[in-house]
Amino acid sequence: MFTPGEFMSEKKVLRFVLGDQLSRDLSSLTDAVPGRDVIFLAEVMEEATSVRHHKKKIAFLFSAMRHFAEDLRAEGFEVDYLALDADSNPGAFGAALAEAVRRNGVERVVMTEPSELRVLNAAQSWREELAADLEIRTDTRFLASHEDFVAWAVDDRGQQPKSLRMEYFYREMRKRTGYLMVDGKPEGGQWNFDPDNRKALPDDVTIPARPSFPPDKTTLEVLDLVGRAFSHHFGDLEPFDHPVTRADALAYLDWFVSEALPGFGDWQDAMKQGEPLLFHSHLSALINCGLLGPRECCDRAVEAWREGKAPLNAVEGFVRQIIGWREFIRGVYWLKMPDYAQANALTATRKLPGFFWTGDTAMNCLHHAITETKTNAYAHHIQRLMVLGNFCLLAGIDPIEVQEWFLIVYWDAYEWVEMPNVVGMALFADGGFLASKPYAASGAYINKMSDYCAGCRYDVKKKSGEDACPFNYLYWNFLASNEHVLKQNHRMGLIMGSLGKMAPERLEEIREDSDRFLGGPEMRAEY
Ligand code: FAD
Ligand code: DLZ
Ligand code: SF4
């Protein structure tokens, strides 16, 4: 006897998988039948140039897509793979899908919801022109569904809150998942071990050497393609030694858990010249494109703690980044879009300086963070937040320009995760919806957490004048320029009090230094 669903499922179904949906347990693939269904993946110019993505990001994704297709074929699936340079490539998702429907003679298409609003809206519009039914399924790879997040964030009358705090969401997620919980209470008696995770890096710490995944034939073909098609895009294509298969991604996760996780907590906020990765997992791009699942990453970390191979502060910190920050950020994106994209609570209007594309600046911290970004399509969280983001915040760079830069340059960047991190966390452009106060800091913070300042043309100890660290006067200038907004923030009370006590001459000096710097050659927008 057939159930109605099984009867329907006798017909061939086209399963459309996007570039950040490379998970075998994807909701659109769970009921795929080898020998009957066709799985469709498409490299399309419109998507690859929606912004001028870093070359390494495109190469990583295309290679991971092609390897995912190979794995599906090995499982017995028919895969219709549209390569970017195929003669028949129409260059856009909608047209490519319409042609795939005709080519494969299907009446039904199934896909998992796109992770970004732009592509979800496009997918809804494809329905009109598609000669087939299109089913869009929920993305079950996140631990909190859209409904879960709304139920947590929005009150009974459907009223949106004025602000949300990750910490409370995280506690709910800990309770729901049971990660690091004992008898309903957090392991170690604390929810959060962040205060233990802010140590500067001592000179004698050995940073573990990363495994390398040399390009195979498929990746070499992609590198050649990307080198030709996207030569004008930002960033270095090579060296390229990233995991691009599920098997390599799992091996990289295993390596992280055994070698780097034990030091992840202590030195999570540290920065060191020539060491872009330190003890960070470097897993974000693998998780965001679907090669790894967030649950399995947390499972492995918690297992290491249970086996006594990693300390609690490291494992709690890592689990918090994934079940806390990552899920929270996604929830905020879907709750606040589309207006969030335009948020500019501090009315910042300055153009992004050209050195963000070249790294050509005398500010050593920014020089390193940007050149590493250019080489690796990666910078770790504190470089993104407290060097790059902090500079954009203090210099009053237009959030739209900053969003675009962050979306372009990182291999893990997709709008759903990039935007709230930039708008809410780095720039306070949502007026404090996501962060309780701006992540603004002077040079003293960067000096404490890094070895950048010793090699800088500017003097981190100097507060004013041409040789003073620009972060020092820009910090106070930021507070003074935004006093009307920031004085209402109770967490800023102490620092705004200090600003209020500043002599007018000192305030004038800060303004002059800031005007000179912000109007000077270092800040020119062209590059
Ligand atoms: P680890 O430090 O090893 O952290 C472990 C994992 O936790 C990460 O792999 C990631 O999956 C998750 N995670 C940690 N922090 C965050 C966070 N704030 N938001 C979401 N997930 C988090 N992350 C992206 O994945 N894509 C982006 O486009 C992105 N843009 C950012 C822009 C700014 C301005 C800032 C401040 C942060 C941004 N982040 C982004 C968050 C974070 O910086 C990166 O996830 C992290 O640096 C990736 O490196 P990792 O894998 O070594 O992370
Ligand atoms: C980031 C990206 C790029 C550069 N190119 C493609 C592509 O050619 N084909 C594809 O399926 N996905 C690509 N992606 C990832 C998509 O941007 C991502 O899947 C959507 O934005 C999700 O909404
Ligand atoms: Fe950056 Fe200032 Fe330190 Fe130079 S002195 S590296 S500009 S914080």
Side-chain angles (χ1 to χ4, degrees), residues 16-21 41-51 53 57-58 61-62 65 82 84 93 96 113-120 122-123 166 256 260-261 264 268 277-289 292 294 297 317-322 324-330 361-368 378-389 391-392 402 406-407 409-423 425-427 439 441-447 450 452-462 468-472:
F16 184 24
V17 174
L18 297 172
D20 63 351
Q21 299 184 337
L41 292 104
E43 297 167 5
V44 290
M45 206 42 128
E46 189 179 67
E47 195 59 19
T49 55
S50 61
V51 290
H53 295 287
K57 175 182 178 183
I58 303 178
L61 210 64
F62 283 7
M65 287 169 71
L82 184 66
L84 188 85
F93 279 148
E113 60 179 316
S115 63
E116 303 179 349
L117 184 61
R118 169 183 62 87
V119 185
L120 177 64
M166 192 286 296
F256 165 70
L261 179 63
F264 175 84
Q268 206 179 330
L277 294 166
L278 295 169
F279 294 85
H280 289 274
S281 70
H282 202 219
L283 294 176
S284 50
L286 305 178
I287 305 173
N288 293 351
C289 82
L292 292 175
C297 293
F318 180 71
V319 168
R320 173 159 32 88
Q321 304 311 314
I322 294 191
W325 276 114
R326 187 170 184 274
E327 298 281 332
F328 177 74
I329 286 286
R330 183 208 188 216
T361 167
M363 290 176 281
N364 200 35
C365 51
L366 282 158
H367 169 72
H368 278 275
Y378 176 87
H380 72 65
H381 187 64
I382 296 302
Q383 291 175 302
R384 295 189 204 193
L385 184 63
M386 300 310 295
V387 176
L388 298 156
F391 182 81
C392 293
V402 184
F406 274 93
L407 188 59
V409 303
Y410 292 114
W411 76 322
D412 54 25
Y414 299 88
E415 189 182 85
W416 68 266
V417 55
E418 166 273 320
M419 186 186 290
N421 270 301
V422 170
V423 169
M425 202 184 299
L427 299 184
Y439 284 92
S442 67
Y445 173 86
I446 296 173
N447 193 30
S450 78
Y452 293 139
C453 300
C456 187
R457 168 241 182 276
Y458 294 107
D459 186 343
V460 72
K461 300 273 188 252
K462 281 199 176 157
C469 165
F471 282 87
N472 289 343

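We use all heavy atoms of the structure for the numbers below, so side chains are in, but hydrogens, waters and symmetry mates are not. For ligands, and for the atoms within them, numbers begin at 1 and follow the listed sequence.
Every atom of ligand 1 with a heavy atom of N288 under 4.0 Å away is listed here by number and element: 24 (C), 25 (O), 26 (N). Near F318, the atoms of ligand 1 lying under 4.0 angstrom from a non-hydrogen atom of the residue are 5 (C). In the vicinity of E418, heavy-atom distances shorter than 4.0 Å reach the ligand 1 atoms 28 (O), 30 (N). Close approach of ligand 1 to S281 is summarised as follows: ligand atoms under 4.0 Å from at least one heavy atom of the residue are 1 (P), 3 (O), 5 (C), 9 (O), 50 (P), 51 (O), 52 (O), 53 (O). Close approach to L283 involves these atoms of ligand 1, each under 4.0 Å from a residue heavy atom: 9 (O), 51 (O). Annotation for ligand 1: atoms under 4.0 Å from non-hydrogen atoms of L385 are 36 (C). Which parts of ligand 1 touch M425 is read off a 4.0 Å heavy-atom cut-off, strictly below it: atoms 18 (N). Near H282, with a cut-off below 4.0 Å to any heavy atom, the atoms of ligand 1 are 50 (P), 51 (O), 52 (O).
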After noting the C-alpha distance and the side-chain angles of R326 and I287, does the key distance pass the side chain to side chain contact (heavy atoms under 4.5 Å, CB included) rule?
CA-CA 10 Å; R326 187 170 184 274; I287 305 173; 3.5 Å; yes
Test R320 against E327 for salt bridge (Lys or Arg N to Asp or Glu O under 4.0 Å), laying out the working first.
CA-CA 10 Å; R320 173 159 32 88; E327 298 281 332; over 6 Å; no
For S284 and W411, run side chain to side chain contact (heavy atoms under 4.5 Å, CB included): C-alpha distance rounded to whole Å, both residues' side-chain angles, the deciding distance at 0.1 Å, then the answer.
CA-CA 8 Å; S284 50; W411 76 322; 4.3 Å; yes
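The closest protein non-hydrogen atom to atom 6 (C) of ligand 1 is I322 CG1, 3.8 Å. Of the protein's non-hydrogen atoms, R384 NH1, 3.5 Å is the one closest to atom 30 (N) of ligand 1.
Residue contact check for ligand 1: Y378 places a non-hydrogen atom closer than 4.0 Å to it.
For atom 43 (O) of ligand 1, the nearest non-hydrogen atom from the set M419, E415, H381 comes from H381. With H380, R326, Q321 as candidates, the residue nearest to atom 7 (O) of ligand 1 on a non-hydrogen basis is Q321. Of the candidates N421, L427, L292, it is N421 that places a heavy atom closest to atom 35 (C) of ligand 1.
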Considering only N or O atoms, set out every pair between ligand 2 and the protein closer than 3.5 Å, with distances to one decimal place.
residue, atom, partner, partner atom, Å
ligand 2, 8 (O), V44, N, 2.8
ligand 2, 9 (N), A42, O, 2.7
ligand 2, 11 (O), G19, N, 2.9
ligand 2, 11 (O), A42, O, 3.4
ligand 2, 12 (N), G19, N, 3.3
ligand 2, 17 (O), E47, OE2, 2.4
ligand 2, 19 (O), D20, N, 3.4
ligand 2, 19 (O), D20, OD1, 2.7
ligand 2, 21 (O), E47, OE2, 3.1
ligand 2, 21 (O), E116, OE1, 3.2
ligand 2, 23 (O), S115, N, 3.4
ligand 2, 23 (O), E116, N, 3.2

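Contact annotation for I329 and ligand 1: only side-chain heavy atoms (C-beta onward) come within less than 4.0 Å of the ligand. Neither the backbone nor the side chain of Q268 comes within 4.0 Å of ligand 1, counting heavy atoms alone.
Protein nitrogen, oxygen and sulfur atoms, that is N, O or S, within less than 2.8 Å of atom 2 (Fe) of ligand 3 amount to 1.
The CG atom of N288 lies 12.5 Å from the CD atom of Q21; values are rounded to the nearest 0.5 Å. Atom CD1 in I58 sits 10.5 Å away from atom CD in E47 (nearest 0.5 Å). Note that CE of M363 and NE2 of H367 are 12.0 Å apart. Values are rounded to the nearest 0.5 Å.
Although no hydrogens or angles enter the test, the distance criterion places no donor-acceptor pair under 3.5 Å between the side chain of E418 and the main chain of L407. With N421 contributing its side chain and V417 its backbone, the two residues share a donor-acceptor pair below 3.5 Å. In terms of modelled atom types and a separation under 3.5 Å, the side chain of R384 and the main chain of A379 share a donor-acceptor contact. Looking only at distances, a side-chain donor or acceptor of H380 sits under 3.5 Å from a matching main-chain atom of I382. Using modelled atom types, one side-chain atom of N364 and one backbone atom of Y452 make a donor-acceptor pair closer than 3.5 Å.
Between H381 and W325, the ring centre distance reaches or exceeds 6.0 Å. Residues F318 and F264 place their aromatic rings such that the two centres sit under 6.0 Å apart.
A donor-acceptor pair shorter than 3.5 Å cannot be found between the side chains of Y378 and Q383.
Judged by the 6.0 Å distance and 45° axis criteria, K462 is not positioned over the aromatic ring of F471.
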